[in-house]
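Per chain, numbering begins at 1; letters A, B, ... match sequence-line order.
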Number of protein chains: 2
Amino acid sequence: MPDPDPARGTASERPTIHDVARLANVSPATVSKVLRGVGAVKADNAARIHQAVRELGFRIDPLAANLRRSRRSIVGLVVPDFRNPFFGSIVAAFERLAESSGYRLVAVSSSEKPEREGSQIEALLDWRVAGLIVVPMGETPPVQASIRDQNVPMVLIDRVPDETGFDKVAVNNAEASAAVIRHLAGLGHRRILVACASPERTTMRERMRGVMAAAEAAGLAGAVEVVACGHDVASAMAAMAERFAAGNLPTAAFALFSPATLAILREVERRGLAVPRDLSVVGFDDVEWMQVTHPPIAAVIQPIEEIAGTAWTQLMHRLANPGGAPCSFEVTCRLDFRASVAPPGQ
Amino acid sequence: MPDPDPARGTASERPTIHDVARLANVSPATVSKVLRGVGAVKADNAARIHQAVRELGFRIDPLAANLRRSRRSIVGLVVPDFRNPFFGSIVAAFERLAESSGYRLVAVSSSEKPEREGSQIEALLDWRVAGLIVVPMGETPPVQASIRDQNVPMVLIDRVPDETGFDKVAVNNAEASAAVIRHLAGLGHRRILVACASPERTTMRERMRGVMAAAEAAGLAGAVEVVACGHDVASAMAAMAERFAAGNLPTAAFALFSPATLAILREVERRGLAVPRDLSVVGFDDVEWMQVTHPPIAAVIQPIEEIAGTAWTQLMHRLANPGGAPCSFEVTCRLDFRASVAPPGQ
DNA sequence: CTGAAAGCGCTTACAG
DNA sequence: CTGAAAGCGCTTACAG
């Protein structure tokens with residue numbers, strides 16, 4: 001009894017390419033040809049096929065269509081956390097890029113856990129994705145063996161480890177951070193607080209490297225006071241509360257990640273300090289609220305669209321030209337020195 | 001020449017179920033049975049199959065596996081915008097839920113455009129998703145015809161229109177808003193500013209309904225001053241700037257959407273007003289920074305996990321028991337009256 | 001308990 | 001220019 005129930009009304013109601021072929025009085029192979037727009041088909045046949053497609057409301061099943069090819073028209077994206085608006089913007093940017101290239105984006109999250117990152121990538125490989133974009137968690141790029149075995153191009157973005165053998169796109173973390181220090185030094189600041197998270201992330205290490213290099217060049221090598229915190233808001237808050245309670249504050253603060261910016265401002269508010277008079281404040285990463293506080297908070301702005309665009313172009317390039325040495329791209333952050341920054345005491 | 005190139009190294013390297021069968025000396029059908037864990041298989045055959053799976057590193061192709069069934073084990077989620085952390089949390093919640101039920105989540109965005117919402121849903125239907133979760137944009141639920149035709153269960157969440165014929169999950173927008181007004185009235189506020197966005201969204205209408213009902217019940221019917229703005233930060237800023245410039249402010253403000261909360265606080269800062277002394281402030285939706293300002297800002301907190309959990313449970317129920325009248329669920333917001341709220345003048 | 005055969009919805013050579 | 005046949009990687013009856 002192969003499905004004799006007429007009242008079932010399941011997905012079988014969707015017309016297939018065979019239904020179209022029957023209605024247009026041609027073979028499925030011919031329908032396939034006009035659908036893909038390849039090869040030559042007699043004009044009136046093509047017309048009848050298009051008519052039949054319209055009449056039945058036929059839509060191709062992209063997953064089935066790709067089954068016979070080795071690869072599907074899907075690109076997988078792995079981000080650490082959807083709840084972080086920075087990664088939300090990353091997802092949005094790649095969704096748009098994929099759409100305009102005829103790919104579908106499947107975005108998944110690693111929940112900031114390296115082992116989950118690996119399993120998520122494996123799951124994407126099970127789907128035979130054409131390519132991968134990954135914001136990696138740690139030093140070792142995830143499940144390298146499987147990715148290499150299957151020749152799936154992967155582009156690493158944002159927190160890219162040093163030597164991976166994969167293409168990567170990062171911002172000029174060191175130089176942008178150095179520019180902040182130079183700017184503060186130029187304004188006359190002689191003691192600067194720098195809030196950084198665990199140096200496991202390459203982004204943090206790079207930013208610290210830029211800070212130190214610029215401080216040294218400005219003759220302020222000993223004047224940078226580093227406060228280390230965890231990555232989340234709560235731990236940044238705790239670290240800043242402790243530091244501010246100790247008194248004897250520098251005249252400027254540079255937060256190397258956005259929860260720290262929040263934490264610094266909270267202490268400023270709690271203690272009735274004034275920005276920038278008592279403390280100039282700059283944060284890495286721009287967040288919506290930073291432009292609406294009084295004063296607005298200076299920021300190092302990561303060019304998300306450009307990061308995504310660069311990664312996407314490279315991925316498309318790899319798809320068209322497999323093989324070749326891995327490439328490394330660097331895009332430039334914009335610095336917006338808003339009113340939270342001024343010479344000491346002003 | 002069917003692929004004679006030994007150096008190709010494409011996806012064909014992935015072992016298939018036939019490779020496993022060959023190595024284990026059984027048929028693919030038998031491998032399939034042990035893989036799915038159904039039916040009975042002789043113990044030593046099963047053992048050899050498992051061994052072969054391990055040896056080859058075989059992983060099933062879930063998309064191909066579902067081809068013969070009418071439906072794939074994918075659930076589609078449509079949100080208006082990935083960049084909004086509220087929706088980011090929604091995506092994160094459903095990703096977890098899907099994972100624990102053996103489904104994969106494919107999240108897409110409608111970019112706040114109704115026509116794109118429709119095309120995104122069509123694309124998901126092309127993938128033969130098992131079910132849909134949608135945060136709808138407008139009054140008319142999207143592409144109803146296709147969804148009904150294909151009997152794909154859909155659960156609407158957050159901004160749910162009134163009569164849709166689909167399952168839906170919303171928060172108690174009206175009651176939560178009423179509770180805020182009652183609280184402010186109870187503290188002695190006699191004039192309250194309410195910032196609302198366009199009433200096209202059912203959430204806005206519901207919140208306004210609650211506000212008005214509570215004001216009336218408290219004998220403050222004429223004392224609620226409504227300021228209407230667009231949905232984005234910029235337009236909320238403009239509207240608030242104009243209102244604050246006009247002077248003669250109420251003693252409390254209730255923002256019905258989070259950009260308005262930001263806009264109100266910005267005017268407060270700009271004009272050197274003090275919260276809560278000059279103005280008590282409450283915002284609908286809790287955002288990270290609201291707990292770190294001084295004072296922390298009172299909020300109506302939407303229970304995202306509960307919204308997602310309720311919607312997921314209902315979707316799974318529909319999958320198991322198709323048909324039946326649509327259900328409507330309401331979950332309760334939590335009110336956190338932080339220090340931004342006090343009696344007038346305190 | 002097992003496997004040959006047919007099928008899911010398409011595409012891909014290939015013979016005509 | 002067209003269609004029959006085989007195939008993508010799996011599952012599903014069904015005969016043995």
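Scanning for side chain to side chain donor-acceptor pair (under 3.5 Å) contacts around E115(A) gives an empty result, with sequence neighbours left out. The side-chain contact (heavy atoms from CB on, under 4.5 Å) search around R83(A) returns D81(A), S89(B), A92(B), not counting sequence neighbours. Applying the salt bridge (charged side-chain N to carboxylate O under 4.0 Å, His left out) test to E112(B) and every residue at least two apart in sequence or in another chain returns R159(B), R201(B).
Dashed line: the shortest gap from a side-chain N or O of T30(B) to OP1 or OP2 of dG3(C) is under 4.0 Å. One finds no side-chain N or O of T16(B) lying less than 4.0 angstrom from the OP1 or OP2 phosphate oxygen of dG9(D). For R36(B) and dT12(D), the shortest distance from a side-chain N or O to OP1 or OP2 is below 4.0 Å. When the side-chain nitrogen and oxygen atoms of R69(B) are compared with OP1 and OP2 of dC8(C), none of them lie within a distance under 4.0 Å. Of the side-chain N and O atoms in R68(B), none sit less than 4.0 angstrom from OP1 or OP2 of dG9(C). The phosphate of dC10(C) (OP1 or OP2) has no side-chain N or O of S32(A) nearer than 4.0 angstrom.
Note: CD1 (I17(A)) to C1' (dC8(C)) measures 13 Å, nearest angstrom. Rounded to whole Å, the distance from CZ on R48(B) to P on dC1(C) is 15 Å. The distance from atom CZ of R22(B) to atom P of dG9(D) is 11 Å, rounded to the nearest whole Å. Rounded to whole Å, the distance from CZ on R72(A) to P on dG9(C) is 15 Å. The CG atom of L63(B) sits 12 Å away from the P atom of dT11(D) (whole-angstrom rounding). Atoms CZ (R14(B)) and P (dC10(D)) sit 8 Å apart, rounded to a whole Å. Between K33(B) atom NZ and dC10(D) atom C1' the separation is 16 Å, expressed in whole Å. The interatomic distance linking D44(A) (CG) with dC1(D) (C1') rounds to 11 Å, in whole Å.
Rounded to whole Å, the P atom of dC10(C) lies 25 Å from the corresponding atom of dC1(D).
Within the model, atoms OG1 of T310(A) and CG of L315(A) stand 12.5 Å from one another, a figure rounded to the nearest 0.5 Å. From R69(A), atom CZ reaches atom CZ of R128(A) across 15.0 Å, with rounding to the nearest 0.5 Å. Once rounded to the nearest 0.5 Å, the distance linking CG of L67(B) with CG of L67(A) reads 6.0 Å.
Here the nucleotide nearest the side chain of L67(A), chosen from dG9(C), dG7(D), dC10(D), is dG9(C). You'll find that the side chain of A64(B) is closest to dG9(D), out of dA4(C), dG9(C), dG9(D). The side chain of A65(B) has dT11(D) as its nearest neighbour among dC1(C), dT11(C), dT11(D).
Side-chain contact, R48(B) with Q51(B): no donor N or O sits under 3.5 Å from an acceptor N or O.
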Report the secondary structure of DNA chain D in dot-bracket form, marking unpaired bases with a dot and bases paired to a different strand with |, and treating Watson-Crick or G-U pairs with both distances under 3.5 Å as paired.
|||.||||||||.|||
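Shown are I49(B), D19(B), L35(B), L23(B); of these, the side-chain contact (heavy atoms from CB on, under 4.5 Å) with F58(B) is made only by L35(B).
Residues of residues 51-61 of chain B that place a heavy atom closer than 4.0 Å to DNA chain C do not occur.
D162(A) has no carboxylate O lying under 4.0 Å from a charged side-chain N of K168(A), or vice versa, which leaves the two without a salt bridge.
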Using distance only, find each side-chain donor-acceptor pair of residues 102-109 of chain B under 3.5 Å and give its atom names and separation, not counting sequence neighbours.
residue : atom : partner : partner atom : Å
R104(B) : NH1  : Q120(A) : OE1          : 3.3
R104(B) : NH2  : Q120(A) : OE1          : 3.3
S109(B) : OG   : E95(A)  : OE1          : 2.5

